[in-house]
Number of protein chains: 2
Amino acid sequence: MPEKNRMSERRRQIVQFIHGYLREHGRPPTVRDIQRGVGVASTAVVKYHLDRLEKAGYVERAPRASRGLRLTSKALSWLGAAADEPVSSVVRVPIVGSIVAGEPVTAYPTFDADVDTLELTRDIISDTENVFALRVRGDSMVDASVHDGDVVILRQQEEANNGDMVAVWLEDDQETTLKYFYREGRYVRLQPANPAYEPIIKPAEVVRVQGKVIAIIRRLAA
Amino acid sequence: MPEKNRMSERRRQIVQFIHGYLREHGRPPTVRDIQRGVGVASTAVVKYHLDRLEKAGYVERAPRASRGLRLTSKALSWLGAAADEPVSSVVRVPIVGSIVAGEPVTAYPTFDADVDTLELTRDIISDTENVFALRVRGDSMVDASVHDGDVVILRQQEEANNGDMVAVWLEDDQETTLKYFYREGRYVRLQPANPAYEPIIKPAEVVRVQGKVIAIIRRLAA
DNA sequence: GTATATGATGAACGTATGTTCTATGTCAAG
DNA sequence: CTTGACATAGAACATACGTTCATCATATAC
């Protein structure tokens with residue numbers, strides 16, 4: 001079976017060329033620049049790969065604008081070109097996956113090349129140690145306060161204080177959920193943000209805190 | 001006596017616009033972008049000033065190439081722009097104020113020095129035109145989906161499409177609120193995100209859209 | 001006055017450039 | 001063998017965009 005995350009050599013070539021051209025000329029290349037740069041005979045080939053790269057989130061484009069091309073942070077980190085950005089209060093955070101009912105959050109990963117990343121600034125997260133992001137998928141662990149498609153930023157930790165919003169793995173239900181955390185003796189009360197929902201009360205030993213939510217970002221259709 | 005190094009206001013405008021455009025879009029502007037940006041009626045005017053600027057060593061151009069334009073270090077230092085800041089994906093957005101019941105959102109401000117700003121990355125907002133941020137204060141216009149302390153990112157616009165989340169000023173109630181927008185004939189239905197709340201229905205003429213919400217950021221206690 | 005430089009206008013013109021369409025070859029899955 | 005993704009080619013099209021030109025107004029210098 002073909003590796004799912006393998007990006008074709010041609011695509012890597014193109015991203016690399018764009019990056020080089022940008023550094024050299026101070027403007028993005030045209031489709032035909034890329035065509036010559038990577039050595040293909042048709043502009044349609046370039047267009048084809050740019051479409052794929054855009055869909056994969058490596059490139060953003062301004063339709064019909066000449067040189068309307070920009071590399072995303074994902075592409076830059078993919079190139080290992082993070083050295084591009086100097087000082088900057090920009091922080092790159094890995095998106096380790098999605099919250100899906102039935103699966104635990106995977107262990108905090110090393111910075112693999114093709115881990116999806118999210119760029120944030122220190123205006124949003126002040127500290128970057130052990131910070132990671134999760135994309136919320138589906139409604140299973142969601143109440144009115146967190147929606148499908150939201151990105152939650154978490155700091156990895158096993159303990160939580162009362163009132164913290166945490167991602168927890170429930171051993172017995174075999175699922176991850178986002179809730180407010182309250183310790184009550186040998187039990188843990190998991191309180192949905194929406195007061196209309198009933199709290200979940202579990203023995204402490206089946207509740208595994210995976211991380212504490214430090215920010216929630218919701219992007220609406222632009 | 002006119003100073004020898006005095007550069008016309010128009011020229012300063014143009015250099016400034018190029019610099020801003022570059023930071024926002026990651027590519028140089030076209031002649032027509034500049035034309036609109038500085039408000040002249042003919043592309044020939046832009047060409048004229050670009051020729052002068054090139055001769056004076058403020059810009060370099062690649063003849064006949066679209067967006068074949070780059071600012072020299074001379075231009076950058078002239079602008080007081082700290083050296084050659086590489087095109088960054090960081091965007092600074094003004095926080096124009098808070099949403100408070102009883103007050104309209106102030107008009108979109110010019111970029112004053114002492115406006116509070118928020119740094120975001122393009123991973124969060126892709127476009128920066130007319131984007132501003134509001135801090136949500138109090139609960140008066142809030143439902144379960146937006147909380148006190150949240151920051152909402154908006155693009156300023158007077159119209160809205162059905163389903164957009166917008167900030168609207170209600171003439172008769174004299175207050176601003178965040179709701180989903182639905183046009184229904186001569187009326188507008190303002191739908192809270194929380195289905196448990198009742199929609200507000202108003203005649204279209206008392207509903208003034210102030211901007212469309214493109215992102216919501218909630219920071220929890222670190 | 002007559003010059004001369006500066007700044008602006010509107011209308012072209014030519015080509016650079018993104019996009020679309022049709023067609024072809026390869027390769028793995030069924 | 002057929003089917004369907006993937007990659008490529010070539011040609012044509014529509015328009016985005018740099019450029020040129022003729023014209024006009026307003027200064028300052030001679």
Side-chain angles (χ1 to χ4, degrees), chain A residues 1-18 21-22 24-71 114, chain B residues 1-18 21-22 24-71 126-127 129:
Chain A
M1 56 196 86
E3 290 175 71
K4 57 183 276 193
N5 228 344
R6 179 146 163 270
M7 192 56 80
S8 81
E9 183 52 32
R10 185 68 86 195
R11 236 104 82 193
R12 164 160 237 128
Q13 237 182 314
I14 289 180
V15 172
Q16 223 147 29
F17 176 81
I18 294 173
Y21 189 100
L22 207 45
E24 198 180 325
H25 297 92
R27 61 178 184 274
T30 67
V31 169
R32 283 167 181 81
D33 289 331
I34 300 172
Q35 183 198 343
R36 280 186 294 271
V38 304
V40 293
S42 170
T43 59
V45 177
V46 179
K47 163 87 160 133
Y48 168 76
H49 288 293
L50 284 180
D51 287 340
R52 297 309 181 90
L53 284 167
E54 186 177 21
K55 206 157 298 174
Y58 290 88
V59 157
E60 286 174 9
R61 285 197 291 174
R64 284 184 317 284
S66 69
R67 304 173 193 273
L69 203 51
R70 115 189 309 154
L71 294 181
D114 37 275
Chain B
M1 274 296 132
E3 293 172 70
K4 60 185 262 194
N5 223 351
R6 179 154 160 268
M7 191 58 76
S8 82
E9 184 51 32
R10 187 68 87 195
R11 236 103 83 193
R12 164 160 239 127
Q13 239 182 312
I14 289 179
V15 172
Q16 223 147 30
F17 176 81
I18 295 173
Y21 189 100
L22 207 45
E24 274 188 34
H25 297 87
R27 61 178 183 273
T30 68
V31 169
R32 284 168 182 80
D33 288 331
I34 301 173
Q35 182 198 342
R36 280 186 294 271
V38 305
V40 293
S42 172
T43 59
V45 179
V46 178
K47 162 86 162 140
Y48 169 74
H49 288 294
L50 285 180
D51 286 341
R52 298 310 180 91
L53 284 167
E54 187 176 21
K55 208 154 296 172
Y58 289 89
V59 306
E60 289 172 7
R61 284 197 291 175
R64 285 186 319 286
S66 72
R67 304 175 193 273
L69 201 55
R70 105 193 306 170
L71 294 180
S126 48
D127 191 28
E129 299 281 346

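So that the names make sense, note that chain A is the first sequence line, chain B the second, and so on, each numbered from 1. Below, all heavy atoms of this structure are taken into account, side chains as well, without hydrogens, waters or symmetry copies.
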When you look at Ile34(B) and Leu69(B), which way does the side chain to side chain contact (heavy atoms under 4.5 Å, CB included) test go after all the steps? CA-CA 11 Å; Ile34(B) 301 173; Leu69(B) 201 55; 3.9 Å; yes
Begin from the C-alpha positions of Val38(B) and Val45(B) and carry the test side chain to side chain contact (heavy atoms under 4.5 Å, CB included) through to its verdict. CA-CA 11 Å; Val38(B) 305; Val45(B) 179; over 6 Å; no
Under the side chain to side chain contact (heavy atoms under 4.5 Å, CB included) criterion, do Leu50(A) and Ile18(A) qualify, and how do the steps go? CA-CA 11 Å; Leu50(A) 284 180; Ile18(A) 294 173; 4.2 Å; yes
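OP1 or OP2 of dT19(D) lies within a sub-4.0 Å distance of a side-chain N or O belonging to Arg61(B). At least one side-chain nitrogen or oxygen of Ser66(A) sits closer than 4.0 Å to the OP1 or OP2 atom of dC17(D). Contact check, Arg64(A) against dT19(C): no side-chain N or O comes under 4.0 Å of OP1 or OP2. Listed pair His49(B) / dA8(C) meets the phosphate criterion, a side-chain N or O lying under 4.0 Å from OP1 or OP2.
Summary for the helix from dG1(C)-dC30(D) to dG30(C)-dC1(D): the axes at its two ends, each from 5 pairs, differ by 10° when rounded to the nearest 10 degrees.
Rounded to whole angstrom, the span from the CD atom of Glu9(A) across to the P atom of dT26(C) amounts to 21 Å. If you take OH of Tyr48(A) and C1' of dT8(D), they are 9 Å apart, rounded to a whole angstrom. One can place CD1 of Ile34(B) at 14 Å from C1' of dT19(D), the figure rounded to the nearest angstrom. Protein atom CZ of Arg52(A) is 13 Å distant from nucleotide atom C1' of dT8(D), rounded to whole Å. Between Leu50(B) atom CG and dC17(D) atom P the separation is 15 Å, expressed in whole Å. Between the CZ atom of Arg11(B) and the C1' atom of dA5(C) there is a distance of 12 Å, rounded to whole Å. The separation between Arg67(B) atom CZ and dT19(D) atom P is 14 Å, rounded to whole Å. Straight-line distance from the CG atom of Asp51(B) to the P atom of dG18(D): 13 Å, rounded to whole Å.
Between the side chain of Thr43(A) and the base of dT17(C), no donor-acceptor pair under 3.5 Å is found. No donor-acceptor contact under 3.5 Å links the side chain of Arg10(B) to the base of dG7(C).
Using a 30° and 60° split on the angle between ring planes, Tyr21(B) and His25(B) fall in the parallel class, below 30°.
When each of Arg36(A) and Ala44(A) is assigned the nucleotide of DNA chain C bearing its nearest heavy atom, the one mapping closer to the 5' terminus is Arg36(A). Positionally, the nearest nucleotide of DNA chain C for Val40(B) lies more toward the 5' end than for the other of Ser42(A) and Val40(B).
In terms of modelled atom types and a separation under 3.5 Å, the side chain of Arg67(B) and the main chain of Pro28(B) share a donor-acceptor contact.
No side-chain donor from either of Arg32(B) and Gln35(B) sits under 3.5 Å from a side-chain acceptor of the other.
Considering Gln13(B), Glu54(B), Arg11(B) as possible partners of His49(B), the one that fulfils the side chain to side chain donor-acceptor pair (under 3.5 Å) test is Arg11(B). Of the residues listed (Asp33(A), Val40(A), Asp51(A)), the one engaging Val46(A) in a side-chain contact (heavy atoms from CB on, under 4.5 Å) is Val40(A), and it is the only one.
Closest contact between the side chain of Val31(A) and the listed nucleotides dA7(D), dT19(C), dG18(D) involves dT19(C). Nearest to the side chain of Val45(A), among dT19(C), dA9(D), dT19(D), sits dA9(D). Each of dC17(D), dA9(D), dT6(C) was ranked by its minimum atom distance to the side chain of Ala41(A); first place goes to dA9(D).
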